[in-house]
Amino acid sequence: MHDNTYLPDHFLRHIAAIMPAHLSMDEFVASCRRPLRRSIRVNTLKISVAAFVARMQPLGWQLDPVPWCDTGFWLSREDESVPLGNTAEHLSGLFYIQEASSMLPVTALFACEQTRRDGMLLDAAAAPGSKTTQIAALMDNQGMLVANEYSSSRLKVLSANLQRCGVTNVGMTHFDAKVFGQWLPETFDAILLDAPCSGEGTVRKDEDALRNWSIESIDEIAAVQQGLLESAFHALKPGGVLVYSTCTLSLQENQAVCQSLQDKFGDAFSFDSLADLFPAAEKACTPEGYLHVWPQIFDSEGFFVARLRKQHSVPNTMFKPGKLGKFPFSPLPAKESEPMLREIEAAFGVVPQGNLFGRSEEIWLFPQLFEQVQGKLRFDRIGLKLAETFKKGYRLTHEWALAYGDGASKGFVELDIADAREFMMGRDVWPEQEAAGTGEVIVRYQGHTLGMGKWVGSRVKNALPRELVRDNNLFV
Ligand code: SAM
């Protein structure tokens, strides 16, 4: 029980006025004070759900399926001495720690045939990336996903999560998401707007979430949300699908934001009913067909999800192309890219997918559909940095290893648990059970990649990026 959870009276009065008749305020307050159940989502870019369960159950992990996400599980562990984020499986990107109700918006986005995995998708407010990585896994790294985030510090966390999870089809941008309707009208097949919000649904995770709560701040943020939703709607192709979600409960930030779009463009789109999204979804369904997840319904955080389909174009008075600087990349000529790809295949047995681009001393792999948005948007990062070049050759990157290393059929070394810990602590290792090789090597533990190293005699020199080095409390 979280007795210190801050639930001010004026907030509770506000909630009581909008709580549906079949739900109780007492249960609402009790659930807000109850700690959240831990939940994770298996990253199927790296491991199947069956293989993950088979790997973790013997370690004392109990995994109870989340009914609305077939890769999501509530987790309880016999031994919690190692933080979840420091387990070998987390460090090598096999799972993402994600609150169960926050898996709903992406489930809703993909539960219709319009959302194709090889399409052009937008995640308009993406950091830290729980839903971006969920979308990329459902796209199986195909097509292209533009992941936008306004806050610079959060953009860095997003980038780290994409790398850890082996995501290769994302272009990251750093804008107020209001620009998408102006710069890229009718561009995206599907859009997730997981909007910034007042976070009323998050008190179970953060007991101080409501410290600054006021009606005025809700009204202010609702105005921002309306602007973001309208812009995202313009950026959606006719025939496309858009999910609007928040982790808050007030009608102003949820139903009223949807209504504002309806008032403007009501004949150009329709909201889908999400009552059948999963068994028992109707318990959270509103008369309009939205999911308004009160924390006591599924014993989760509070959440709101609405999904709409755009039937036809609307006049876009917003359109105004963005200003772009000089694009610093150029396609790598075939006489450079082909030998490189052949060498990588010969050394590791995997062929990187995508288009190779270069800039100064870097070679990048861009997503398949990148050309559709090339010259229309300034990106912070596109796809995956494959290699850094120097006079006599190139060095493959850590992020390449995290994305492609698990699929390598050669050129890797398997560490035992003691060496794996040493490696994650930034130290060189002398793997006894393997014959020494030469050159760059993918470093794995139980079949999954930790990073890159380089053979120097019988030693594997550690090439883990310094910022990923852990100094204690690692997996045992
Ligand atoms: N989708 C994320 C996830 O699942 O990991 C969570 C997103 S969080 C609810 C909302 C995000 O929107 C925050 O990271 C915030 O920094 C960002 N944000 C705030 N204002 C924004 C704006 N005008 N445009 C784009 N992003 C914005």
Side-chain angles (χ1 to χ4, degrees), residues 39-41 43 69 71-72 85 95-110 121-138 145-162 164-165 167 170-184 188 190-203 205-206 209 217-218 220-235 242-250 253-254 257 293 300-306 318 322 377-380:
S39 51
I40 60 167
R41 183 177 45 74
N43 176 18
C69 177
T71 53
F95 68 91
Y96 196 107
I97 303 167
Q98 182 175 0
E99 208 285 311
S101 56
S102 126
M103 301 171 192
L104 269 171
V106 176
T107 297
L109 191 67
F110 278 77
L121 273 67
L122 170 66
D123 184 356
S130 62
K131 300 179 192 69
T132 317
T133 51
Q134 190 181 357
I135 294 172
L138 287 164
L145 171 58
V146 175
N148 177 69
E149 170 58 43
Y150 201 18
S151 143
S152 320
S153 57
R154 290 172 67 90
L155 200 66
K156 291 200 182 91
V157 184
L158 172 65
S159 176
N161 279 327
L162 296 179
R164 184 177 59 81
C165 292
V167 172
V170 164
M172 274 176 35
T173 60
H174 181 201
F175 296 110
D176 181 335
K178 263 179 106 167
V179 301
F180 289 99
Q182 284 174 36
W183 294 354
L184 293 169
F188 297 97
I191 296 179
L192 172 64
L193 172 58
D194 188 37
C197 68
S198 63
E200 294 161 342
T202 64
V203 281
K205 185 168 58 194
D206 171 7
S217 63
I218 287 178
E220 235 169 74
I221 202 152
V224 172
Q225 290 158 340
Q226 284 181 19
L228 294 179
L229 181 58
E230 183 176 340
S231 179
F233 183 70
H234 282 301
L242 188 156
V243 165
Y244 173 75
S245 58
T246 70
C247 55
T248 206
L249 300 168
S250 286
E253 296 183 60
N254 295 321
V257 173
V293 177
S300 67
E301 279 192 337
F303 234 87
F304 176 85
V305 188
M318 280 183 161
L377 193 60
R378 194 175 68 240
F379 286 90
D380 246 52

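We count ligands from 1, going down the list as the structure has it; atoms in each ligand are counted the same way.
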Exercise for the section: Give the numbers and elements of all ligand 1 atoms closer than 4.0 Å to a heavy atom of A125. Expected result: 1 (N), 2 (C), 7 (C), 11 (C), 12 (O), 26 (N)
Completion exercise
For E149, the atoms of ligand 1 under 4.0 Å from one of its heavy atoms are 11 (C), 12 (O), 13 (C), 14 (O), 15 (C), 16 (O), 17 (C)
Problem - Partner residues of E301 under the salt bridge (Lys or Arg N to Asp or Glu O under 4.0 Å) criterion, sequence neighbours left out - result: K205
Handout entry: Pairwise distance CD1(I221) to CD(Q226) - rounded to 0.5 angstrom
Key = 12.0 Å
Practice task
Identify the two heavy atoms, one from L192 and one from P105, that lie closest to each other, and give their separation to 0.1 Å.
Solution key: CD1-CB, 3.8 Å
Exercise for the section: Could you say whether the N/O atoms of G129 and ligand 1 ever approach to under 3.5 Å? Expected result: yes
Handout entry: Selection from S151, P128, G227, P196 by shortest heavy-atom distance to atom 20 (N) of ligand 1
Key = P196
Exercise for the section: Look at ligand 1 and say whether S102 reaches it with a heavy atom at a distance under 4.0 Å. Expected result: no
Problem - E200 side chain to S250 side chain, donor-acceptor N/O pair below 3.5 angstrom - result: yes
Practice task
Could you list which atoms of ligand 1 come closer than 4.0 Å to a heavy atom of F175?
Solution key: 24 (N), 25 (C)
Handout entry: Any N/O pair A127/ligand 1 closer than 3.5 Å
Key = yes
Problem - Nearest atoms (heavy-atom pairs only) where D194 meets K131 - result: OD2-NZ, 2.8 Å
Practice task
Could you say whether the N/O atoms of Y96 and ligand 1 ever approach to under 3.5 Å?
Solution key: no
Practice task
Indicate yes or no: does an N/O atom of N148 lie under 3.5 Å from an N/O atom of ligand 1?
Solution key: no
Exercise for the section: Classify the side-chain pair T133/R41 by whether it contains a donor and acceptor separated by less than 3.5 Å. Expected result: yes
Practice task
Please report the closest heavy-atom contact between D123 and L145, naming both atoms and the distance.
Solution key: N-CD1, 3.9 Å
Fill in the blank from the handout: Per-atom filter on ligand 1: closer than 4.0 angstrom to a heavy atom of R154 are 13 (C), 14 (O), 16 (O)
Problem - side chain to side chain donor-acceptor pair (under 3.5 Å) involving T246 - partner list, sequence neighbours excluded - result: N254
Handout entry: Within-shell test, A124 vs ligand 1, heavy atom, strictly < 4.0 Å
Key = yes
Problem - Within 6.0 Å of CZ in F175, more than 12 heavy atoms from elsewhere - result: yes
Exercise for the section: May I ask you to identify the nearest protein heavy atom to atom 22 (C) of ligand 1, giving residue, atom name and distance to one decimal place in Å? Expected result: Y150 CD2, 3.6 Å
Problem - Short N or O distance, D123 and ligand 1, threshold 3.5 Å exclusive - result: no
Practice task
Could you list the atoms of ligand 1 found under 4.0 angstrom from a heavy atom of A195?
Solution key: 9 (C)
Handout entry: For atom 24 (N) of ligand 1, the option (of A126, A177, P105, C197) bearing the nearest heavy atom
Key = A177
Completion exercise
the protein heavy atom lying closest to atom 1 (N) of ligand 1 turns out to be D194 OD2, 2.7 Å
Fill in the blank from the handout: Residues A124 and N148: closest non-hydrogen pair is O-ND2, 2.9 Å
Handout entry: N or O contact, D176 vs ligand 1, cut-off under 3.5 Å
Key = yes
Handout entry: Heavy-atom check, side chain of T71 versus side chain of F95, under 4.5 Å
Key = no
Exercise for the section: Measure the spacing between CG of L104 and CG of L109 and express it to the nearest 0.5 Å. Expected result: 12.5 Å
Handout entry: Ligand-residue contact atoms, ligand 1 with S130, heavy atoms, under 4.0 Å
Key = 3 (C), 4 (O), 5 (O)
Problem - C247 touching ligand 1 at heavy-atom level, < 4.0 angstrom - result: no
